[in-house]
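Quick note: residue numbers are just sequence positions, from 1. Both counts, for ligands and for their atoms, begin at 1 and track the order of listing. Note: hydrogens, waters and symmetry copies are ignored here, and every other heavy atom, side chains too, is used.
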Amino acid sequence: MNLKFPCYRICFLFLSILITGLACRQKMAGEKQVRLYNEPHRPQYHFSPPAKWMNDPNGMVYYEGEYHLFYQYYPDGNTWGPMHWGHAVSEDMVKWKHLPIALFPDPLGYIFSGSAVVDWKNTSGLGKDGRPAMVAIYTYHSPESEKSGSNTFQNQGIAYSLDKGRTWQKYEGNPVLKNPGIRDFRDPKVIWHEASQTWMMALAVKDKISFYTSTNLLQWKHSADFNPPWAAYGGVWECPDFFPLKTPTGAEKWVLLVSINPGAPNGGSGTQYFIGNFDGKRFRTETNEIKWLDYGADNYAGVTWSDVPKTDGRRLFIGWMSNWTYAQIVPTEVWRSAMTVPRALELQERDGQYSLVSKPVRELQVLRSKVVQVKSSRINLPSDCLDIELSAVATDFKLTFSNEKGEKVILEKKGDEITFDRSRSGIAAFSSDFKQIHRAPAQNLVIKNIRVFLDRSSMEFFFNDGALAVTELVFPNSPYTLLETEGIVEKGTLYPLRSVWEGK
Ligand code: FRU
């Protein structure tokens, strides 16, 4: 031992080691926090990208036990930019595994929204050794061509995968459907039409849906257009979906979803839908009433999964939980945007009229960590992630969610209307549009039950078993801890929900 080494030096050395050690631990904790998806407002059970910007869900397809979710993704920024297809898979639509980016921009353009199918019969010839190809059909958006003043900068291309969506080949004959000279020509949704044994494509073409048919996914022929004069035309039509559903008495109807931006009932982006009949060529509706899938401001560009096994039989949907009006300035930094909870879409009949019902999928129940019965009109909320079920026989009522900072959200049914007020919900000043009061029609509506999915920055309300859905973003500065109910039978159940990121 060197006795000349003074005591204060030993203390100094010891202290510096301690400080460095602590700093290191803190850094690691910081990194861990990112990996745990634990930033303020980060959804705990809604799908969000690990980092950076996301918009529309794309290419949703089920194959060999996996639900695939692709999405519009800009990996280099937290606002919209050159689009890629991000990718994740899940066995239950609840717990997701992030996978590497599936599709990158190429000389034909950015990769805009589209769909994916499994080519079971190998109609395209892209399958190999008896293995069907998973085929993605998407829009190429060429920024150069757009800048040059051309109108033909959006065209449809395809890519295929022979290894469960893990790697992708762009088809060498791209584009497979060329633009005839219309600026908005995008978001192909392709389905296999059993009755005519052909592929059908629904494409958003400015303010109409154009239908195309194909026998091999590679050549497409225009068959019909859909643009009834009474539909909503407040903005450009985007992201169609087209599928059959059974009525409660077992008849078949066809449903066409059309997202529209702007022009939604509560401003900005929203999804209108049509119910009718399809003869293999033309889609016709029976009524001429505009119907909206969701009366909240934050459910856009939603589409349904392809190839869900017939034994399951559900039509499973997910939407982008945001609105183009403010999507790029919502107060999150590491990532931007999440998806809605997955929902099963069903048809209901009321007074001879059909409408869509949105039901959160039963798989979400795996997240319930315990059961809390409530019997009072003042309910202490045990968590910021909740599945709330209220039985409520009421014509008029009010629900107020609040925190100790005085921030609150008010949902109220009065007479013929349901209103949602998030003007004092927390961080809201980033957009005056965000603070607007939203309205949903509720004529002759007696509310029998209410289901609320609360996450760290969203609220999804489902009234009367999903007959009316209201999806809304909120950014409270601290979690809502109190729910006050007025005017309804105060009986309910709360289920605190686990984070899907636990253990990742
Ligand atoms: C809808 C949309 C689509 C387009 C994509 C681009 O939100 O505008 O029409 O393909 O986003 O990211």
Side-chain angles (χ1 to χ4, degrees), residues 49 52-60 69-87 101-106 108-116 136-143 145-146 152-159 175 177 179 182-190 201-210 232-242 256-264 267-272 293-294 297-303 317-330 336-340 471 473:
K52 309 300 178 188
W53 169 266
M54 173 181 84
N55 56 288
D56 317 352
N58 293 151
M60 287 154 59
L69 172 62
F70 300 89
Y71 51 90
Q72 288 286 277
Y73 188 44
Y74 181 42
D76 300 320
N78 61 9
T79 52
W80 192 88
M83 283 290 116
H84 301 55
W85 274 26
H87 189 196
I101 292 173
L103 299 176
F104 289 79
D106 65 45
L108 290 178
Y110 302 162
I111 315 294
F112 271 22
S113 288
S115 48
I137 309 97
Y138 54 86
T139 299
Y140 270 119
H141 173 99
S142 165
S145 165
E146 182 183 17
T152 59
F153 51 86
Q154 294 187 339
N155 296 279
Q156 319 317 315
I158 69 176
L177 174 58
N179 190 315
I182 304 157
R183 290 176 64 82
D184 297 294
F185 189 73
R186 61 175 177 269
D187 308 340
K189 171 71 184 199
V190 171
M201 180 195 291
L203 191 71
V205 182
K206 196 176 170 207
D207 52 6
K208 66 181 177 213
I209 299 302
S210 290
Y233 291 102
V236 68
W237 285 21
E238 303 184 312
C239 300
D241 196 356
F242 189 54
L256 176 67
L257 305 183
V258 178
S259 283
I260 166 172
N261 178 58
S269 323
T271 302
Q272 62 179 324
L293 189 62
D294 198 305
D298 300 301
N299 179 0
Y300 191 60
V303 283
F317 168 98
I318 245 178
W320 175 45
M321 198 155 53
S322 198
N323 190 309
W324 279 115
T325 311
Y326 43 71
Q328 304 196 71
I329 51 169
V330 295
R336 266 222 181 93
S337 298
M339 299 299 179
T340 65
T471 304
L473 292 177

Does the Thr139 side chain pair with the main chain of Gln154, one donor and one acceptor, at a distance under 3.5 Å? no
If you scan protein heavy atoms around atom 8 (O) of ligand 1, the nearest is Glu238 OE2, 2.8 Å
Note: ligand 1 atoms sitting under 4.0 Å from heavy atoms of Arg186 are 3 (C), 4 (C), 9 (O), 10 (O)
Counting heavy atoms under 4.0 Å, the part of Asn261 that contacts ligand 1 is neither
The atoms of ligand 1 lying under 4.0 Å from a heavy atom of Met83, numbered in the order shown, are 12 (O)
Exactly one of Tyr71, Phe112, Trp324 clears side chain to side chain contact (heavy atoms under 4.5 Å, CB included) with Asn55, and that residue is Trp324
With no hydrogens and no angle check, do the side chains of Tyr300 and Asp294 hold a donor and an acceptor under 3.5 Å apart? no
Checklist entry - Does Asp56 use its side chain to pair, donor to acceptor, with the backbone of Ala301 at less than 3.5 Å? => result no
Is the side chain of Arg183 donor-acceptor paired with the backbone N or O of Thr152 at a distance under 3.5 Å, no angle test?
-> no
Main-chain N/O of Glu238 paired with Arg186 side-chain donor or acceptor, under 3.5 Å = no
Q.
Against ligand 1, does Asp187 come closer than 4.0 Å with any heavy atom?
A. yes
Quiz prompt | Asp187 and Lys189 ion-paired at < 4.0 Å | solution = no
Exercise for the section: Give a yes/no on ligand 1: does Trp324 have at least one heavy atom closer than 4.0 angstrom to it? Expected result: yes
For atom 1 (C) of ligand 1, the closest protein heavy atom turns out to be Asp56 OD2, 3.0 Å
### Task
Flag Trp320 as yes when one of its N or O atoms lies below 3.5 Å from any N or O atom of ligand 1, and as no otherwise.
no
When distances are taken from atom 6 (C) of ligand 1, the protein heavy atom at minimum range is Gln72 OE1, 3.2 Å
Polar atom proximity, Ser113 to ligand 1 (N or O, under 3.5 Å): yes
